Amino acid sequence: MEALIILAVIIVLLVILGVSAEAIMLGIMALMALGMLLLFGFFIYCIFRLLRCEKTDGRLSKVEHHPKYGYGTPCYMIGGEEYDNVFPCEVVMKKRLYSEGRECVLRLDRKRGKVFDGNAVISSVAGVFLSGASFAMIVIQIVNMFGTSSISLFK
């Protein structure tokens, strides 16, 4: 919420300084494109980590709430050791997806001591496609809006 207030103040200051609406819109869209590119990079990193993991069976032991981050993370028992999931719990259908004692197929990253459950795998794969498509659509929109005309920074 604070970031939106700061962004609004910056936009008001730019308007007061006489920066054109087109330049402000280009800046906002460039920030959105940068955000989608970073998100795409994150999910590509998750896929590479996922490819290096070994497939194993495990059992959900508990859902642990992290006071530092403010969300719950499922913990899985594999061979007598407990491993945290790389992503937090899903909010939708939490009781059905994360019932204690549920057996599931996991991807274990021994180096980092984390696991990818089925939801993390689906989130990573879907994230690559959705963030990549969003980045491409934002770039196409920027080119369509601003590619043919020259933008003057001041009115």
Side-chain angles (χ1 to χ4, degrees), residues 1-53 60-76 82-100 102 104 106-109 111-155:
M1 187 63 165
E2 294 86 9
L4 292 176
I5 294 171
I6 291 170
L7 187 62
V9 168
I10 290 172
I11 290 172
V12 168
L13 288 174
L14 288 173
V15 169
I16 290 171
L17 291 173
V19 177
S20 69
E22 292 87 10
I24 293 172
M25 184 61 73
L26 178 62
I28 291 170
M29 291 183 76
L31 283 175
M32 289 172 34
L34 178 64
M36 283 298 116
L37 184 62
L38 290 173
L39 195 60
F40 179 72
F42 168 74
F43 283 120
I44 289 291
Y45 171 73
C46 287
I47 292 292
F48 281 127
R49 278 184 59 192
L50 184 62
L51 292 175
R52 295 180 28 178
C53 294
L60 181 67
S61 60
K62 64 182 175 182
V63 175
E64 190 175 68
H65 185 77
H66 287 283
K68 181 179 177 182
Y69 301 116
Y71 55 78
T73 303
C75 299
Y76 293 94
E82 197 169 68
Y83 297 94
D84 289 342
N85 194 18
V86 293
F87 290 151
C89 287
E90 303 294 332
V91 177
V92 179
M93 296 180 13
K94 183 177 181 178
K95 292 188 191 251
R96 178 175 281 208
L97 292 173
Y98 301 108
S99 57
E100 289 187 22
R102 184 175 75 105
C104 50
L106 304 167
R107 302 280 182 167
L108 176 60
D109 185 357
K111 183 178 178 183
R112 290 185 174 81
K114 300 276 187 175
V115 295
F116 284 86
D117 64 0
N119 298 324
V121 172
I122 291 170
S123 297
S124 297
V125 173
V128 167
F129 289 113
L130 294 174
S131 62
S134 297
F135 173 71
M137 290 178 6
I138 292 170
V139 169
I140 289 169
Q141 187 65 30
I142 289 172
V143 170
N144 285 340
M145 288 177 68
F146 303 108
T148 57
S149 66
S150 63
I151 300 172
S152 61
L153 292 179
F154 296 97
K155 295 178 184 174

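Remember, it's a predicted structure, so these values are computed and weren't measured experimentally.
By the ring pair (Phe, Tyr, Trp, His ring centres under 6.0 Å) test, Tyr71 is found to be paired with Tyr69, residues two or more places apart in sequence or in another chain being considered. Judged as a side chain to side chain contact (heavy atoms under 4.5 Å, CB included), and not counting sequence neighbours, the contacts of Cys53 are Arg107, Asp109, Phe116. Every residue two or more places apart in sequence or in another chain was checked for a salt bridge (Lys or Arg N to Asp or Glu O under 4.0 Å) with Arg52, and none qualifies. With sequence neighbours left out, the side chain to side chain contact (heavy atoms under 4.5 Å, CB included) criterion links Leu108 to Glu54, Thr56, Ile78, Tyr83, Arg110, Val115.
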Under 3.5 Å, sequence neighbours excluded: what are the donor-acceptor pairs made by side chains of residues 128-142?
residue	atom	partner	partner atom	Å
Ser131	OG	Gly127	O	2.5
Ser134	OG	Leu130	O	2.8

Sequence neighbours excluded and cut-off under 3.5 Å, please list the side-chain donor-acceptor pairs for residues 5-15, or say none.
none

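Here the straight-line distance linking atom CG of Leu34 with atom CG of Leu39 works out to 11.0 Å at 0.5 Å rounding. Asp84 CG to Asp117 CG: the interatomic distance, rounded to the nearest 0.5 Å, is 11.5 Å. Interatomic distance, Tyr76 OH to Lys114 NZ, rounded to the nearest 0.5 Å: 12.5 Å. Interatomic distance, Glu22 CD to Ile24 CD1, rounded to the nearest 0.5 Å: 9.0 Å.
At a threshold of 4.5 Å between non-hydrogen side-chain atoms, the residues Val86 and Arg112 do not count as touching.
Summarising the geometry of Phe87 relative to Ser124, their closest heavy-atom pair is CE1-OG, 3.5 Å, with the distance given to 0.1 Å.
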